[in-house]
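Computed from a prediction, not measured in an experiment: that's the story for all the values here.
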Amino acid sequence: MRNLEVAQILREIGVLLEIKGENRFRVLAYQEAARKIENWPEAIELLAKEGKLRDISGIGEGLAAKIDEYLRTGKIEYYEELTKETPRELIQLTEVPGVGPKIARQLYSDLGILTIEQLVQAIQEHRLQNLPGFSIKSEEKIRKGIDIIKKNTGRMLLGYALPLAEEVITFLRENNQIDNISTAGSLRRMKETIGDIDILASTVDANRMMEAFINLPMVKQIIAHGTTKSSILTYEGVQIDLRVVDNQCFGAALQYFTGSKEHNVKLREYALKKGYKINEYGIYRIDDGKRRGGEKEEDIYQILGMEWIPPEMREDQGEIEAALQKRLPILVDIKDIQGDLHVHSNWSDGLVSIEEMAKAAVQKGYQYIAICDHSQGLAVASGLTPEQIQERRKEINQWNQNHSEIFVLEGVEANILGDGSIDLPDEVLAQLPIVVAGIHTGLSQNTEKINQRLEKAFKNPYVQIISHPTGRLINKRDSTQGDLALLFKYAQQTTTALEINAQPERLDLKDIDARQANEKYQIKLVISTDSHDPSSLNLMRLGVAQARRAWLTNKDILNTYNKGQLLEILQKKRERFTI
DNA sequence: GCCGTTTTCGGCCCGACTGTTTTCAGTCG
């Protein structure tokens, strides 16, 4: 799968063209194509091979030829030409807040600056303020921009951003008279990583609220402070923006600030066709200029003749078309979750006993919980031997005999060994109502090996669920080299379910892949927290968000079924593939 | 550079803020 790689080079061409001062719509075309390819669920090289690149809307003759060239030869002549006059180092200069393509170009042509280090040096020597159009102020602005990227170590995990935003919102609520308050931006869309935290509110006293905001205990630096918008930087380097709007504009503002940019562009284009204009203050008829709504977010969509679109879907991935046809799926909701099918206890590397995990699950209102401790192949996690599993069974049976409030399923998270076999014998697996299996070692094997390994694991009749199927750790470790399309095929053929692991750094499968698995291969998914302690059961909402971003409904998710239905489904594969 | 119940040319979302200007360019979300 070379999609990211191709998207990257197209994006770079876009920036280079921007720096060069090319037609901005040509620039846009490259950026749009990059985005589409990045989010395309199938391998771009496969599409190219079949001559179907132009199936992707936004890729025409010119781009298709360049992509083909890149996939064939490893480079694009046009790109090489561009970098001769516009060095590619300039791309990273444009990543400094306050430095766009025009300034990057000026810095290079007038001062020969190519790198951020050279820029820092030039600022120290006050060489910027003498440039035409520059002053001490603009120099200072760029210096601050450099500070910000140096502090910012990329995007933070949703699992980190969400509680932080909630803490801020709770604090603001306690200290102000608030009409409406909500997260916005990528946080409201529940993307797996978040750039900065956006909060939107309406209140009778904006000044007071801003005052409270910039005086939060976590504030290290105030980046901006006004009556409608303030930004702060926390000690941990997170930027939080608070915007305050009139109550009657709250819906329009929420729609606008939630994005995504691509969703909004598409929505506005459609609005124009229908004779409406949308901005952050409301929706207006173009002919008489009159405002037709905007107090509620629903107004915007309703007036355009669409269903209200859940924020998680707003990525311009077909949701606008579906909303127009009133065919949006009813997305799975946290309230639909009946249990957690992958948690650990202190029999392996969990922190607490089975009883404590079960009690915590009762608090969540679950019908069932599956204790899936590691198995013997994972010694570092105190994986269980067959004998230990026998021992553990007594404890689980005892719980189930004495408690009716929740059913504890006896399970394991077994290891898929280097050759694809499972690290427990079939006789042992057969006695466990639920077997989750995952790759924990040999993650860097080549594609062929990973594929063979997974094929064998999927074909094991006792393995009903594959945990964290790609093994990725966000910002830390890439997915395994396994071929996803093949993996989906195995899952489909063997009626094996795939996990959406809700751990903040895993969220594996990711949204577009989970959607593809379900839409194209009709694979069922399981949302599991992989908890090693009771409080991690709360991570379920991250997994549910991921599933919603994958357009999944109740019927697609195994752990929305009641206990009886679930046990029946789990039995199916075994009945089909054993005698 | 793409695209078309606005079809083969002429469009391609919208506004705020900043800084440097007398009406706007650049950047950002």
Distance test, side-chain N/O of Asn264(A) to OP1/OP2 of dC13(B), below 4.0 Å: no
Per Lys137(A) side chain, nearest of listed nucleotides dG19(B), dG15(B), dG1(B): dG19(B)
Arg314(A)/Glu297(A) salt bridge by N-O under 4.0 Å criterion: yes
Separation of the C1' atoms in dT6(B) and dG11(B), to the nearest angstrom: 9 Å
Over 12 foreign heavy atoms within 6.0 Å of CD, Glu140(A): yes
Atom-to-atom span, CZ of Arg26(A) to P of dG11(B) - whole angstrom: 18 Å
Sugar-phosphate, base or nothing in reach of Leu272(A), heavy atoms under 4.0 Å: sugar-phosphate
Listed once per pair and sorted, the side chain to side chain donor-acceptor pair (under 3.5 Å) pairs that draw on residues 501-512 of chain A, sequence neighbours left out: Thr470(A)-Asp508(A), Glu499(A)-Asn501(A), Asn501(A)-Asp530(A), Asp511(A)-Arg549(A)
Backbone of Met313(A) reached by a side-chain donor or acceptor of Gln317(A) within 3.5 Å: no
Glu38(A) side chain near Leu4(A) side chain, heavy-atom distance below 4.5 Å: yes
dG10(B) to dG15(B) separation - P atoms, rounded to the nearest Å: 26 Å
Partner set under side chain to side chain donor-acceptor pair (under 3.5 Å) for Tyr78(A), not counting sequence neighbours: none
Between C1' of dT18(B) and CD of Glu139(A), the distance in whole Å: 16 Å
Rounded distance (Å) that lies between atom P of dC17(B) and atom NE2 of His225(A): 14 Å
Annotated protein contacts, base or backbone, on nucleotides 21-29 of chain B with a non-hydrogen cut-off under 4.0 Å, one of B, S, - each: -----SSSB
Sugar-phosphate only, base, or nothing, as touched by Lys66(A) at under 4.0 Å among non-hydrogen atoms: sugar-phosphate
Between dC13(B) (P) and Ile320(A) (CD1): distance, integer Å: 13 Å
Between dC28(B) and dT22(B) - P atom distance, rounded Å: 22 Å
Separation between the P atoms of dG1(B) and dT5(B), rounded to whole Å: 23 Å
Whole-angstrom distance between dC12(B) and dC17(B), as gauged at atom P: 25 Å
Atom pair distance, as rounded to whole Å: CG in Asn279(A) and C1' in dC14(B): 7 Å
Interatomic distance, Asp55(A) CG vs dC2(B) P [rounded to whole Å]: 14 Å
C1'-based separation of dC2(B) from dT8(B) [nearest Å]: 12 Å
Span that lies between the P atom of dT27(B) and that of dT21(B), in whole angstrom: 15 Å
Toward the 5' end of DNA chain B, by each residue's nearest nucleotide, Tyr281(A) or Leu28(A): Leu28(A)
Residue pairs passing the salt bridge (Lys or Arg N to Asp or Glu O under 4.0 Å) test where at least one lies in residues 174-186 of chain A, sequence neighbours excluded: none
d(CD, Glu140(A); P, dG19(B)) in whole Å: 10 Å
Pair Glu50(A) + Lys52(A), salt bridge at N-O below 4.0 Å: yes
Strand partner of dT8(B), provided both Watson-Crick or wobble distances fall under 3.5 Å: none
Side chain to side chain donor-acceptor pair (under 3.5 Å) contacts touching residues 96-112 of chain A (sequence neighbours left out): none
C1' spacing across the pair dC13(B) / dG29(B), given as an integer number of angstrom: 13 Å
Side-chain (Arg208(A)) to main-chain (Asn175(A)) donor-acceptor, under 3.5 angstrom: yes
Whole-Å gap separating P (dC12(B)) and OH (Tyr270(A)): 18 Å
Nucleotides 3-10 of chain B: which of its N/O atoms have a protein N/O under 3.5 Å away?
residue: dC3(B); atom: OP1; partner: Gly58(A); partner atom: N; Å: 2.7

Trace of the side-chain hydrogen bond (donor to acceptor under 3.5 Å, both in side chains) decision for Gln516(A) with Asn518(A): CA-CA 5 Å; Gln516(A) 165 93 342; Asn518(A) 184 254; over 6 Å; no
